[in-house]
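Written out below as structure tokens is the structure these notes cover.
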Amino acid sequence: MPELPEVEVSRQGLLTYLTGRRIVGAVVRTSKLRHEIPVGLDHRLSGLTVEAISRRGKYLVFDCAAARGGGWLLIHLGMSGSLRLVPPATPAQKHDHFDLVFPETVLRLRDPRRFGDVLWQDGPVVDCHPALATLGVEPLSDDFSGDWLHAATRRRRMPVKPVLMDNRLVVGIGNIYAAESLFLAGISPLRRADQIDLEHYRRLALAICSTLRASIAAGGSSVRDYVHSDGGAGCYQLSCAVYGRAGQPCPSCANAVQVVRQAGRSTFYCSNCQC
DNA sequence: CGTTACCCCTGGAGGC
DNA sequence: TGCCTCCAGGGGTAAC
């Protein structure tokens, strides 16, 4: 579920329901996800108001009266995390690790693999939190471009695909969108990052932006349902050109889509269209 | 410094 | 039916 577009659409879905709402408590059922959930978080959150919800990379960032003595709640969904709004007193199920409780609704985090995170940053500044401090550029911001990408990869001898997934460089690009963007740009995922020229990086940056934006636009309705309590019904499937399609015809040239292993992850691509 | 190998954790799919 | 292996949209760390 969660790469940048899914997190962004979740954010947009939650905005309407939670902005301006007062937190009455939190429930921690599993203390350790990727990191330990801070002790006393329930007490710290109680009485604070959610003033805004933003996103940094794949983190959801809840502004809990940060400028007025509160702080920031950070939620990362890892590989298998999901958020739902459920009615108060809805029984928790297996893997429901954390609740943010409001008078009229509960934001519930479910995460079977527990690669997600619930973190807290006290005070007015969120960027100093260790989880955010080393993050790279937002791919949908003005700071991101082909020229920037080209300059930032001059000493990167790794294949371009794992470089795209390095969140110290660019955030939010996971295994799916790395593959899809490289396909759209006609660049092989095996190419060394430092051997790709400026023109191709300009194509790649445009491909990344359009892929992410299209996914945000397309994901809207389904992830909004996902955020609501009716999760499960009508699971939305993103239509991919190459990801997950090993052996199937490339949508452009009909050659079989290839799959290889890079840095422990599957990489899908068309060896005819991408070079 | 850049790069690799491995670890964290559960569940689903498919082979036998 | 069970047991086994492999795979999964993320990310951190130790070691070379």
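All chains are named by letter (A, B, ...) in the order of the sequence lines, taking the proteins before the strands, and each is independently numbered beginning at 1.
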[N] [atom2] sits how many Å from [X] [atom1], rounded?
X	N	atom1	atom2	answer
A/Leu169	B/dC1	CG	P	16 Å
A/Arg261	C/dC6	CZ	P	11 Å
A/Leu164	B/dT3	CG	P	13 Å
A/Arg155	B/dT3	CZ	C1'	15 Å

Thinking salt bridges, do A/Asp99 and A/Arg29 make one under a 4.0 Å N-O criterion?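 A salt bridge is present here (some side-chain N lies under 4.0 Å from a carboxylate O).
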Ion pair check, A/Asp117 and A/Arg34, cut-off under 4.0 Å: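 Looking at A/Asp117 and A/Arg34, the cut-off is not met.
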Using the P atom as the point on both nucleotides, what is the distance between C/dC7 and B/dA5, in whole Å?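 My reading of the P atoms in B/dA5 and C/dC7 gives 16 Å.
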Sticking with atom P, work out how far C/dT1 lies from B/dG12, rounded to a whole angstrom.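 The answer is 16 Å between these two P atoms.
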Distance below 4.0 Å between [X] side-chain N/O and [N] OP1 or OP2:
X	N	value
A/Ser266	C/dA8	yes
A/Tyr177	C/dG9	no
A/Lys32	B/dC8	no

For nucleotides 10-12 of chain C, give me every protein contact, N/O to N/O, under 3.5 Å, one pair per line with atom names.
from, atom 1, to, atom 2, distance (Å)
C/dG10, OP1, A/Lys58, NZ, 2.7
C/dG10, OP2, A/Asn175, N, 3.3
C/dG10, OP2, A/Arg265, NH2, 2.5
C/dG10, N2, A/Arg34, NH2, 2.2
C/dG11, OP1, A/His76, NE2, 3.0
C/dG11, OP2, A/Lys58, NZ, 3.1
C/dG11, N2, A/Arg34, NH2, 3.3
C/dG11, N3, A/Arg34, NH2, 3.1

A/Asp194 and A/Thr153 side chains, donor-acceptor separation under 3.5 Å: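 No pair is found: no donor N or O on one side chain lies under 3.5 Å from an acceptor on the other.
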Any donor-acceptor pair under 3.5 Å linking the side-chain atoms of A/Thr211 with those of A/Glu180?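 Distance-only check fails for A/Glu180 and A/Thr211.
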Base-pair string, DNA chain B, Watson-Crick plus G-U, cut-off 3.5 Å on both distances, | for inter-strand, is .|||||||.|||||||
By the 4.0 Å heavy-atom rule, please label A/Arg110 as base, sugar-phosphate, or nothing.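 Nothing: the residue A/Arg110, judged by heavy atoms under 4.0 Å, touches no strand.
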Restricting to non-hydrogen atoms, name the atom on A/Ile208 and the atom on A/Pro139 that form the minimum distance, rounded to 0.1 Å.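 So the two residues come closest at CG2-CB, 4.1 Å.
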